[in-house]
Amino acid sequence: MFYIGIFFQYVSQYMKTRLEYRSDFIVEILSDLFNQTVNLVFILVVFGHTQFLNGWNRDEIIFIYGFFLIPYALFSAFFNIWDFNDRYIVKGEMDRILTRPIHSLFQVVIERMELESLFGLVTGFIIIFYAGANLGLELAWYDPILFVLFAIGGALAYASVFIVIASVGFWSDSKTSIMPMMYNIGNYGRYPVDIYNKVIRFMLTWVLPFAFVGVYPASYFLGKEEWYIFSFLTPVVGLVFFTVSVMIWNQGIKKYRGAGN
Amino acid sequence: MSNAIEVKGLRKEFKSYSSRSGLKGAFRDLLTRNYKIVPAVNDISFTVKQGEMVAYIGENGAGKSTTIKMLTGILTPTSGEIVVNGMNPHREREKFTRTIGVVFGQRSQLWWDIAVQESFRLLKKVYKVSDEQYNEHMNHVIKTLDIEPLLDKPVRKLSLGQRMRCELAAALIHNPPLLFLDEPTIGLDVLVKLKIREFLKEINEKYNTTILLTTHDLGDIEALCERVVMLDSGEIIYDGELQSLKENWGEDKEVHFQFVKPVQQAELEALPLSFPVIWEYDEKNHTYLAVIKDEGDHISQLISIVVTSFPIKDVKIHETSIEEIVRNIYETGTV
């Protein structure tokens with residue numbers, strides 16, 4: 001309860017600051033929307049030529065892409081921690097975090113949130129409904145509930161990878177370029193995993209669980225029964241990976257060395 | 001009375017990597033890196049009673065900040081025991097931090113972009129302070145520190161002195177029984193310093209707040225602390241009253257004289273003074289330096305006699321700083 005209260009305190013503070021810098025706010029939303037349009041156009045162009053990709057048709061692939069945007073928007077709104085190492089470890093901002101009575105990761109999350117990214121949800125839903133209508137998908141009464149569970153599971157799976165990478169900074173403060181690379185790998189989750197070879201598929205399922213952000217949960221809504229097990233594993237995988245990543249984070253905190261002043 | 005801080009055999013080691021020289025060295029570093037284990041804090045023990053105001057001093061790199069960071073739960077000790085407010089700071093961090101206030105002079109606790117009062121409001125929620133508690137306590141704090149007119153300004157628009165006063169107020173929102181201040185007066189002008197010192201004294205009297213502060217300013221310590229813990233190379237080299245530290249090590253005063261006309265050293269030495277004075281000539285500035293013991297009215301005697309004998313341009317009285325005391329102790333070995 002306390003954490004929910006604090007979360008909304010920070011959100012309201014965030015809104016206030018954002019409204020003060022109105023032009024920044026609008027530019028950010030526009031660039032976000034632009035980014036997503038470009039991605040969408042890219043997909044349409046690519047799949048305009050190939051109607052089928054390893055048994056997936058054009059609309060199914062667009063649907064997966066649309067679904068991917070949902071957990072991805074949640075992730076980028078709340079886990080904006082790609083510069084954690086620079087900002088919090090090298091500059092010693094972690095000192096301040098650690099003197100406050102809230103879990104350190106939670107503080108970093110609420111300090112760094114970028115709520116504009118939630119506009120990705122709108123884009124995602126537009127694409128999902130467009131592709132869904134083309135495919136003539138029907139919704140059962142429990143589908144929205146599953147949708148929410150899958151989306152949150154996917155966002156947690158995505159976040160856990162980045163939390164682990166951020167935690168590496170506690171052990172070694174040398175700069176790594178893993179973060180941007182991970183953003184690239186993360187994008188693989190928006191294509192059907194069976195187009196990749198077995199090793200990559202295994203990696204995307206059990207090591208860097210990006211497939212649980214896009215393909216696997218989306219398969220359920222597309223009625224791809226051969227993937228159902230993976231679809232229903234999404235919330236579980238999200239939760240397990242997230243728990244493990246938080247445990248790694250908690251271990252890392254003990255190794256925090258602080259920045260000298 | 002219970003102890004606010006109990007530290008036994010506290011130690012913190014850091015690995016320090018050294019790189020070899022040259023390209024060949026860089027390649028060898030890839031395979032095996034040379035490192036030394038350097039103890040930043042070396043088996044120190046001390047206790048601080050509730051309500052005490054203690055100055056924690058030492059030269060840069062002596063291990064002050066590292067100790068404070070272990071006491072506040074930021075760093076995990078390599079070994080040793082810490083009990084602060086009856087808790088282990090690192091293990092029970094979230095519960096523990098509710099009972100302390102922290103001000104790092106060189107790092108802001110406030111949110112940069114938002115108005116000071118918004119920062120206070122957020123912190124009030126974070127520390128679960130009720131409205132009554134907040135109003136009763138903070139109205140007073142805000143008045144004493146004179147930050148009322150700053151409340152609606154964003155932190156980035158404040159001057160250093162204004163910001164420090166707000167930082168101090170922010171650290172006290174939950175009225176903690178223990179306050180850590182790391183260089184709270186660094187870079188501040190005299191008036192702000194005085195205000196902060198007065199304020200600290202007041203909350204110590206009013207709430208029996210324990211205060212541990214690090215500083216380079218002897219004035220801070222004289223105004224606030226009866227007890228001084230001095231650190232050098234990670235070890236405590238002095239723990240006791242400020243008075244005896246100064247009597248033993250900071251007793252000499254230096255008085256600088258600049259004369260209108262050239263004066264011979266022999267003339268100065270011939271002045272009728274009832275106590276020994278050592279005269280030194282500073283060739284660079286063409287001034288004379290009188291070193292005397294800081295006892296009774298020696299300074300005023302010296303100045304009045306010199307002034308009546310020779311016309312002077314300028315007089316400066318120089319007090320021994322913490323750094324000089326530390327250096328003195330360091331040069332002669334033990335306390």
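Letters A, B, ... mirror the listed sequences (proteins, then strands); counts begin at 1.
Contact annotation for Ile97(A): only backbone heavy atoms (N, CA, C, O) come within less than 4.5 Å of a heavy atom of chain B. Looking at Ser12(A), the atoms closer than 4.5 Å to chain B (heavy atoms on both sides) all sit in the side chain, from C-beta outward. For Ile100(B), no part lies under 4.5 angstrom from a heavy atom of chain A. Contacts between Tyr14(A) and chain B at a heavy-atom distance below 4.5 Å are absent for every atom of the residue. Only the side chain of Phe2(A) comes within contact range of chain B, with heavy atoms under 4.5 Å apart.
The shortest non-hydrogen separation linking Arg96(A) to Ser108(B) is CD-O, 3.2 Å. The two atoms that bring Tyr127(B) and Thr99(A) nearest to each other are OH-O, 3.4 Å, heavy atoms only. Residue Arg100(A) comes nearest to Val126(B) through the heavy atom pair CD-CG1, 4.5 Å, listed as atom of the first residue, atom of the second, then distance.
Each of Thr97(B), Leu123(B), Ile114(B) has some count of heavy-atom pairs under 4.5 Å with chain A, and the biggest count is that of Thr97(B). Between chain B and the residues Gln107(A), Lys255(A), Glu111(A), His103(A), the largest count of heavy-atom pairs under 4.5 Å involves His103(A). Listed options His174(B), Lys12(B), Lys125(B), Glu183(B) were ranked by heavy-atom pairs under 4.5 angstrom with chain A; first place goes to Lys125(B).
A 6.0 Å sphere centred on OH of Tyr3(A) holds more than 12 heavy atoms belonging to other residues, nucleotides or ligands. Annotation for Tyr183(A): atom OH counts as buried by contact number, over 12 foreign heavy atoms lying within 6.0 Å. For Phe119(A), the CZ atom sits in a loose shell: 12 or fewer heavy atoms of surrounding residues, nucleotides or ligands are nearer than 6.0 Å. When the shell of 6.0 Å around CZ of Arg156(B) is examined, it contains more than 12 heavy atoms from other residues, nucleotides or ligands. In this structure, Tyr188(A) places its OH atom where only 12 or fewer heavy-atom neighbours from other residues, nucleotides or ligands lie under 6.0 Å away.
Summarising the geometry, atom NZ belonging to Lys128(B) is positioned 8.5 Å from atom CD1 belonging to Ile6(A); distances are rounded to the nearest 0.5 Å. Between the NZ atom in Lys69(B) and the CZ atom in Arg257(A) there is a gap of 12.0 Å [rounded to 0.5 Å]. Here Gln13(A) contributes atom CD and Leu122(B) contributes atom CG; the two are 5.0 Å apart, rounded to the nearest 0.5 Å.
Evaluation of the side-chain hydrogen bond (donor to acceptor under 3.5 Å, both in side chains) rule for Ser159(B) yields Gln162(B) as partners, not counting sequence neighbours.
Results of the side chain to side chain contact (heavy atoms under 4.5 Å, CB included) test with Gln9(A) over Lys124(B), Glu118(B), Arg121(B) single out Arg121(B) as the only residue that passes. Checking Asp182(B), Ile74(B), Val102(B), Leu75(B) one by one against Asp95(A), the side chain to side chain contact (heavy atoms under 4.5 Å, CB included) holds for a single residue, Ile74(B).
The backbone N or O of Ile102(A) sits less than 3.5 Å from a side-chain atom of Arg93(B), completing a donor-acceptor pair.
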